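Have a look at the structure below before the remarks.
Small disclaimer: the values here were computed from a predicted structure and weren't measured. Per chain, numbering begins at 1; letters A, B, ... match sequence-line order.
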There are 2 protein chains.
Amino acid sequence: MRSSFIKRLEKLKNKAGELLNRTFDQHINLAVTGLSRSGKTAFITSLVNQLINEGNGSKLSFFDPVHHGNFIAAKRVAQKNLSIPRFDYDNAMASLTGESPQWPEPTHGISELRLAIRYQPKNSLLKYAADMATLTLDITDYPGEWLLDLPMLKQTYEQWSEQTQALLTTKPRDEYAKAFLAKVGNIDPFAVADEELLAELAREYTELLHTFRYKLGLSVIQPGRFILPAELAGAPILEFFPFPNLTTIDGNDYQNASDDSFIGMLRARFLEYKEQVVKKFYRQHFLRFDRQIVLADCLTPLNACSINSGPESFADLQLAIDMILESYSYGKSGLFSRLFSPRIDKLLFAATKADHVTSEQHAPMVSLLNQLIYKSKHSLNFEAVEMKTLAIAAVKSTNSGKSFHEGQQVSVIQGYTVKNAVENKENTVEKITLFPGSVPDKLPEKEFWQQCAFNFVNFSPMSGMTKHQSLPHIRMDQVLQFLLADKMI
Amino acid sequence: MRSSFIKRLEKLKNKAGELLNRTFDQHINLAVTGLSRSGKTAFITSLVNQLINEGNGSKLSFFDPVHHGNFIAAKRVAQKNLSIPRFDYDNAMASLTGESPQWPEPTHGISELRLAIRYQPKNSLLKYAADMATLTLDITDYPGEWLLDLPMLKQTYEQWSEQTQALLTTKPRDEYAKAFLAKVGNIDPFAVADEELLAELAREYTELLHTFRYKLGLSVIQPGRFILPAELAGAPILEFFPFPNLTTIDGNDYQNASDDSFIGMLRARFLEYKEQVVKKFYRQHFLRFDRQIVLADCLTPLNACSINSGPESFADLQLAIDMILESYSYGKSGLFSRLFSPRIDKLLFAATKADHVTSEQHAPMVSLLNQLIYKSKHSLNFEAVEMKTLAIAAVKSTNSGKSFHEGQQVSVIQGYTVKNAVENKENTVEKITLFPGSVPDKLPEKEFWQQCAFNFVNFSPMSGMTKHQSLPHIRMDQVLQFLLADKMI
């Protein structure tokens, strides 16, 4: 009798659990972004890896659901939006765990991955009914460059041209942009447009953007889609550029310029770009996101003193971060509140590559990042978006230790770096030990750049990592705690 | 007094002309398609070239507006849809007219180009008022493979799987598809789907499609977007494949298969593909077209006897042409008439590469093409779509002449062909003279394939062509006459 009663009770409990699960199951749309080469692919790979390999050598002590033992398991499940490329986790893991480990191939557009995370509810309503609940986590990866376009929505083509001209005529962009600006300056803005000339100048402008990003390490790249065109490659919507000295033209003449004139055509394409590219991204994707992590590599610009453009690179990163954060400060500005109803409730700013400096430098890294986002953070707090900054390494590529230097014990890191390839021979890795220098804890001043004492080296991933074990990391547990833990109680 | 009167009259006439021009100006949306490697890029390049270089060495005697002298000039103008890549005419011309002339790079998706054609109206209403009218010609280039997907709209996933399985288990596809079908056959269709396995099998199926198209020269490639994925590369919507022996499964079980089972997921992706890829193309592009030219290379399949799959390659081309023509036979079938309101009024079928055979073979080429499209042509005539077939060469790459062979005078062609590259050396071209054989004037029978007497050689473009002269061609004037002349009277 008793056993049958217990069975029936269990059955009822299970049934109630199932029912409640369906009602109470949680869902997070997590967006991951960062300027290109900030480490988005490694970050998402590690985040997925930490969750699906939990319990297999992982250290997630600051992630409460693991620490308190109510995390059960996570697995990849099929994403909902079938037209968006799937984030290629397997390929990324294969790169990291191969015989000669490599950083994974960067992504070039938007991609998605969905995880189902099973947990035992402890403190929530659910615990009375269910033994198990599911948090569905949709991770979307998209280029930070796309957010740099947002401010364009508030600008006319005239205003955008003026602002971009100002950028192009100051250090370090000026010497590269001179020839381009001269060519554009020779065009009569009211003449009938030659489409081939427009296409050619747009190609030159796009090449300039590539130079700024990949040669000078600058961050403000606008329009962002120009360097990551995907299916729009070769379309006229990506064939415009700023027209210098528009403000010297009579306003009426500008307004009345015919649609087939140079200026009329540039203006039309600028407007179409805002409508079909910028707004479309916000409408189709951005509005769905609940939580956002922005990755920033602050170390590479600190290194730029060697190419004599340190202060400018750094100022550029600051400007880019301001521009990116504008996407989250809706509510204040009329335009954005009408376009985008606010939804993101948590925003994490992570300084990546923390493993590339010694551990006592992590505090200055965070404080530097805080200074970089200070202005925007201030305005965001008013909007009830919870913010946090962290210094992290998604996949740790160094070990830390102590070494003696001129009689003093100093902290050092040790890792593998790619040796310059000798002709016709494959790249080999070399083990090096170094103290990369101190990270300034506030926006670096003149002396920092004069000393040029920061020696940041790009490390390769460590060897010996395997697919079914957790990747070594720095503070990924705190990332998970901030982004997910409150939905798993 | 008189002169002032005349001036006023002229002015009035001009004004009236301008007004009427705006009202009477003509517009054609011309779509160009063909299976990949049928010569779409060379065709559009030549079409544009003939029109913009008219009067500069061109021979367009069968194009009435030129023959009667009321063609004035044509020029490229800016296209209207800014989000579609522009057809790269300049690059294609650069390839054809370079020091070692090359066929232009093939296009991989959709592209556009707009021409404004000025002419003097002779017989129309316009002639009383206007000295000049404009025909705007929008040329859209898209892969013929996309049309092969249309029949899928009428099919369920079950039906499509069955039909595709039939293809995959007959010659010449069977020996390549065996391993793939065996792997899929091992899957329990009702088990929870493993997304990675789905992705892997979809990759294998896509590789098979590549083999069929580029190694075996087959034409029926379905789903067509798999081999030209563009922005959908890596998206789950392109990760499905036919499931063999579905008909042996109980219908109820199939209907009730859960969404996360193998069969449920494949079915969902198939449905989404029809909705988001196939229908979207028809809605966004196909419905706009007024006139269509379909290019077909009938010579390459005739050559396939050398790889022992001649009859099958040819039957496959015939099937592909049937499938493509289904897109134009709306009105009969309930589904298509609801989806697509008929608009195309002229359809030109062109057998390309007519310069690769001697001129007396052009008549059999046309008659062979007519046989290939016979079935569909019959049903199309009822729909009042005007149809024509032509043997053309968009860019002529050979000269024809006579030669003596075993005491007989025979027709030959002479052109340049790429010599097999010797290791570490650049390709060189070689001048050859040959009689490639007779084109059968009806669907080739057993004897044709047994004789294997057709020797079709790929020629390189001739050297000495220049940008500002018309390209040599065969019957491009008749193409223009059929597609444009009635709108220029």
- Is chain A contacted by the side chain of B:Ala233, its backbone, both, or neither, given a heavy-atom distance below 4.5 Å? backbone
- Message: Using only non-hydrogen atoms and a strict under-4.5 angstrom cutoff, which residues of residues 82-98 of chain A touch chain B?
- Response: A:Leu82, A:Ser83, A:Ile84, A:Pro85, A:Arg86, A:Asp90
- Among residues 258-269 of chain A, which residues come closer than 4.5 Å to chain B, judged by heavy atom distances? A:Met265, A:Ala268, A:Arg269
- chain B: which of A:Val277, A:Val77, A:Ile237 shares the most heavy-atom pairs with it under 4.5 Å? A:Ile237
- Query: For the atom pair CD (A:Glu195) and CD (B:Gln79), what is the distance rounded to the nearest 0.5 Å?
  - Reply: 6.5 Å
- Query: If you tally heavy-atom pairs under 4.5 Å against chain A, which of B:Gln276, B:Glu196, B:Glu272 wins?
  - Reply: B:Glu196
